[in-house]
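Per chain, numbering begins at 1; letters A, B, ... match sequence-line order.
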Amino acid sequence: MSSDTQAQHSAIKLFFLLLALCLGVLFWGVSVGSAGFFKFGFVQSDPILASIVLDIRLPRTLGALCCGGLLGLSGALAQGLFRNPLADPYLLGSASGATLGVALALVAFRISPGSSDWLTRLGLTGAAFIGATAAVLLTLALARGFQHTLRLLLCGIVVGVLLGALCSLTLLLEPEVLQSMQIFMLGSTSYIGWNSVGLMFMGWLICVSISIALGLFLDGLSLGESTAISLGFNISPMRALLIVVLALAVGLSVAQTGLIGFVGLVSPHLVRSMVKVTHAHLLFLSSWMGAALLGVADILARCLIAPRELPVGVLTAVLGGGYLLWLMQKRQFSRAGGEL
Amino acid sequence: MKKLILCCLGLWSSGLLFAIEVRDDRGVVLEFPAPAAHVISLLPSLSEMVCALNACDRLVGVDRNSNFPVSLAPLATLGSGLDPNIEAILLLKPDAVVMSHAPRAVERLQSLGVKVLVLEPKNQADVQRVIQTLATLLGVEDGGKLWRTIDSEINQAANSIPAKLKGLKVYFEVSRGPYAASESSFIGELLARLGESNIIPSSLGAFPLVNPEFIVKANPQIIFISSQEAIALPNRPGWGSINAIKNQRICVISKNEEDIVARPGPRMGQSAGILARCILAKGVMR
């Protein structure tokens with residue numbers, strides 16, 4: 001009992017630490033950028049600087065936090081759902097689907113710019129979301145439902161490889177879109193506006209609420225499917241709902257920022273290496289860990305070689321991976337988390 | 001016997017007299033017994049240069065993106081510089097293949113006995129040099145003349161812009177990212193020759209990925225952008241406050257013009273004309 005209380009205290013401490021880090025990121029993110037550090041009074045007097053802070057830095061920072069939150073949550077969700085510590089949010093083919101969607105949209109824009117109204121309205125964001133969702137649906141169709149975890153995983157990998165190959169073919173035939181695609185594939189927070197922030201925040205609220213509500217089910221599932229059934233869980237609908245949540249979270253983040261790697265994979269591991277908690281807490285804390293990680297990466301991406309930018313995906317890998325390695329060296333990881 | 005020796009010497013000296021030595025951009029010197037009669041180009045700007053040197057008929061194959069001049073259309077397409085169709089290239093038995101540097105493809109072709117000239121036209125000085133190299137390879141005299149024509153077309157475009165429209169702050173977006181054309185890129189060089197002030201300094205590299213707020217802060221008066229990106233331009237967060245967008249001074253590079261503007265080649269004079277015409281049109285609006 002005392003160890004449970006201690007774990008709960010550590011979880012609360014970690015939450016406040018991550019919250020403070022996210023608030024720090026928010027303040028830092030609004031203050032710095034390629035155009036320099038702005039004092040607030042100065043900003044009010046200049047409409048351009050005000051626009052930089054209110055229309056670019058603030059939504060961009062909040063967007064990075066929301067997107068990181070979605071990715072961290074979906075990483076923990078995927079690892080719990082597939083009972084595999086190496087599971088990644090992009091596992092069900094959504095990354096390749098989104099990439100193919102964006103590649104096809106870019107090619108269509110090139111062939112007939114402005115002529116197709118529906119395509120303009122859809123935009124790259126819509127194309128990515130549709131691509132990601134279609135890929136997940138294709139995976140589910142090929143796996144004939146949610147029942148078999150291994151079949152689902154294999155189909156996800158196959159769909160990912162197939163759509164990835166189609167995307168490579170598209171890029172080879174239309175190399176003009178290569179540079180735009182590169183940005184999508186490395187992830188970018190450059191163009192996050194208020195609409196994107198609103199969408200991602202709403203998505204995060206929905207996804208985090210449903211996931212936490214089903215945390216107990218994931219705890220049961222971690223003991224094996226038969227145990228979960230014997231504990232009274234109705235596996236199929238719950239798993240279906242969680243896969244929908246996973247697809248929604250990944251689709252939303254990919255559509256707004258492109259493929260940002262490693263946040264989803266590493267956030268749950270970072271949380272597990274620090275505290276030992278049940279799935280409900282793990283999902284929530286992973287989400288905040290992802291937010292903090294992507295928030296810091298975004299600021300570094302725009303500051304390190306300003307006014308040039310680094311691809312944010314590169315930094316998430318360096319930051320998250322580096323920190324995890326450091327933790328593994330520092331502690332006896334097997335005792336703290338054990339999953340790696 | 002004497003006759004035979006004299007004959008051999010004669011052949012050797014005639015070989016020396018007619019041998020063509022060409023140094024490519026790697027510094028590799030290639031020798032040809034005669035001007036290249038069958039050439040394959042795996043870079044659109046190089047294909048354009050060969051044709052501009054009135055040697056289009058020497059091209060026996062091109063890459064899939066070489067679409068100008070239209071007379072190239074019936075030629076065999078041999079993949080691209082990155083994934084050339086090696087078998088098809090060998091079948092055509094070219095005297096030389098001209099392409100940009102793609103290590104694996106170049107090595108493979110060379111190992112199969114094909115003479116490969118690696119040429120990298122990236123700025124105006126490069127274009128001038130590469131035209132001269134190609135002229136030597138093809139044994140044509142008018143390499144210098146072609147460059148002078150391009151140069152005078154650029155000057156003509158620059159002269160068409162009145163003094164009041166010089167020195168405008170311009171931003172040229174190459175692709176979504178945003179990737180910009182800086183002062184050191186060939187597009188930046190053209191803009192500089194037109195007398196305009198590029199907001200992206202050369203210190204950032206030729207085509208840097210920049211932070212959007214840098215562009216908003218620099219507040220360009222004219223934006224050059226491709227037609228597919230222009231649609232969503234005003235909706236980019238914070239960009240509404242940029243002068244060029246507020247005053248609708250956005251030069252949209254159409255799909256047909258894109259190839260001309262995006263290739264450092266013999267159509268750089270036309271490219272300067274396209275940029276100058278748009279600056280004039282937007283200036284009239286002011």
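Counting heavy-atom pairs closer than 4.5 Å to chain A, the top residue among B/Ser175, B/Ala262, B/Ala218, B/Pro201 is B/Ser175. Per-residue counts of heavy-atom pairs under 4.5 Å with chain A were compared for B/Gly177, B/Ser226, B/Pro208, B/Gly79; the largest is that of B/Gly177. In terms of heavy-atom pairs under 4.5 Å with chain A, the best-connected choice from B/Val216, B/Leu204, B/Val210 is B/Leu204. Per-residue counts of heavy-atom pairs under 4.5 Å with chain B were compared for A/Ser188, A/Ser180, A/Gly193, A/Ala301; the largest is that of A/Ser180. Comparing A/Leu54, A/Ile56, A/Leu106, A/Ile305 by heavy-atom pairs within less than 4.5 Å of chain B, the highest count is held by A/Ile56.
One finds the CG atom of A/Leu171 at 11.5 Å from the CG atom of B/Leu82 (value rounded to the nearest 0.5 Å). Taking CD1 of B/Ile200 as the reference point, atom CZ of A/Arg308 lies at 10.5 Å (rounded to 0.5 Å). To the nearest 0.5 angstrom, A/Ile48 atom CD1 is 7.5 Å from B/Ile242 atom CD1. With rounding to the nearest 0.5 angstrom, the CG atom of B/Asn211 is 4.0 Å from the CD atom of A/Glu309. Separating the CZ atom in B/Arg236 from the CG atom in A/Asp55 is a distance of 14.5 Å, to the nearest 0.5 Å. B/Arg176 contributes atom CZ, which lies 4.5 Å from atom CG of A/Leu124 (distance to the nearest 0.5 angstrom).
Both the backbone and the side chain of B/Pro178 come within contact range of chain A, each with at least one heavy atom under 4.5 Å from a heavy atom of that chain. Of the atoms belonging to A/Ser190, heavy atoms from both backbone and side chain fall under 4.5 Å from chain B. Heavy atoms of B/Asn235 lying under 4.5 Å from chain A are absent altogether. Residue contact with chain B, scored on non-hydrogen atoms closer than 4.5 Å, involves the backbone of A/Ile192 exclusively.
Heavy-atom minimum distance, B/Pro212 versus A/Arg60: CD-NH1, 4.1 Å. Residue B/Arg64 comes nearest to A/Leu173 through the heavy atom pair NE-CD2, 4.4 Å, listed as atom of the first residue, atom of the second, then distance.
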Applying side-chain contact (heavy atoms from CB on, under 4.5 Å), run through B/Lys217 and A/Ile52 and close with a yes or a no.
CA-CA 7 Å; B/Lys217 178 91 189 303; A/Ile52 287 177; 3.7 Å; yes
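A donor-acceptor distance shorter than 3.5 angstrom exists from the side chain of A/Ser51 to the backbone of B/Gly238, with no hydrogens or angles considered.
Residue B/Arg108 qualifies as open at atom CZ: its count of foreign heavy atoms under 6.0 Å is 12 or below. With a 6.0 Å radius and a threshold of 12 heavy atoms from other residues, nucleotides or ligands, B/Lys169 has its NZ atom above the threshold.
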